[in-house]
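Note that this is a predicted model, so its numbers are computed, not measured. Just follow the structure's listing: the first ligand is 1, and inside any ligand the first atom is 1.
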Amino acid sequence: MDGGTDARRINIYALEDFAGMRAAGRLAAEALDMIVPHVQPGITTAALDRLCHQFVLDHGATPAPLNYRGYPKSICTSINHVVCHGIPGERRLEEGDILNIDVTVILNGWHGDTSRMFVAGTPSTRARKLLDVTHEALMRGVRAVRPGATLGDIGHVIQAFVESQRFSVVRDFCGHGIGRRFHEPPNVLHFGRPGEGPVLRPGMFFTIEPMVNAGRPEVKVLDDGWTAVTRDRSLSAQFEHMVGVTEDGCEVFTYSPAGLHKPPYTSAPTRQPA
Ligand code: MF3
Ligand code: CO
Ligand code: CO
């Protein structure tokens, strides 16, 4: 991957395009806020998919994953050792499961892509630490985004933090440019070296979405062609934000309007989230 040629293919969007991304990112984040009270032991991932699908349609948007390169559902649900791209189905959540829910909407031609971790009931201490570290890694990456920084700077801060906590960064999947298209240049790696890769400029839109494993970084894709799992079956976590580079830093398009950025925000059936 030559940083130079990659950089020349990165779209520079106009100031007025930020409004479209703001709306799309907000809707995707609102879908995740909506699903919070439903993530409970006993629900199927297919039911979570139906709820998100309907929510997106009700708000005048379409779910980008549905039929994307043959993907069969509207969201991805990745439980425990599933790294990403888990396909919703009849699997019921069990007490202590951790899962990533990844929503991408298309609203007025703009893509809004975000994911968070959820827990069914109460997570183990180790799972809780994995979620905290993964969220902090994402936010350290976000804080590195500004004009003149490079993609390598972002990857480096994420990798350095994750490895300092004795977890590992998945190498096989990365963040991506986004806007009028779901996936466009550049690839946003979650590892790297300071100063390497394309230089960030105002008007670039991309996701940061580190996948962090409690064990080794290697993954494999199951026979369904989508579901990526850790080879050592260790737990995996991921959070995803979509950002736009501004003159003095970045705008995060996918913050939770309800402030539900990371667990614990699920609850026993008797307790509602704050
Ligand atoms: N939303 C995922 C991402 O963050 C992509 C899912 S592609 C799908 O890039 F086809 F699996 F939906
Ligand atoms: Co993405
Ligand atoms: Co996503």
Query raised in the report: Is the cationic atom of Lys262 (NZ for Lys, CZ for Arg) positioned less than 6.0 Å from the six-membered ring centroid of Phe118 and within 45 degrees of its normal?
Result: no
Query - Ring geometry between Tyr68 and His183 (parallel below 30°, tilted from 30 to 60°, perpendicular above 60°) - result: tilted
Report summary line: Rounded to the nearest 0.5 Å, the CG atom of Leu138 sits from the CD1 atom of Ile208 at a distance of 6.5 Å
Report task. Supply the atom-to-atom distance Asn11 CG to Ile178 CD1, rounded to the nearest 0.5 angstrom. Result -> 12.0 Å
Query raised in the report: Heavy atoms, side chains only, cut-off 4.5 Å: are Arg69 and Trp226 in contact?
Result: yes
Query raised in the report: What do you reckon, are the aromatic ring centroids of Phe253 and Trp110 less than 6.0 Å apart?
Result: no
Query raised in the report: Under 6.0 Å between ring centres, would you say that holds for Tyr255 and His241?
Result: yes
Query raised in the report: Do you see a donor-acceptor pair shorter than 3.5 Å between the side chains of His81 and Asn213?
Result: no
Query raised in the report: Which residues and atoms, protein N, O or S only, are under 2.8 Å from the Co ion (ligand 2)?
Result: Asp113 OD2, His176 NE2, Glu209 OE2, Glu240 OE2
Report summary line: Heavy atoms of Pro257 and Ala29 approach each other most closely as CD-CB, 3.8 Å
**Report entry** Near ligand 1, at a heavy-atom separation below 4.0 Å: residues by chain and residue number
**Finding:** Pro65, Tyr68, Tyr71, Cys76, His85, Asp102, Thr104, Asp113, His176, Phe182, His183, Glu209, Trp226, Glu240
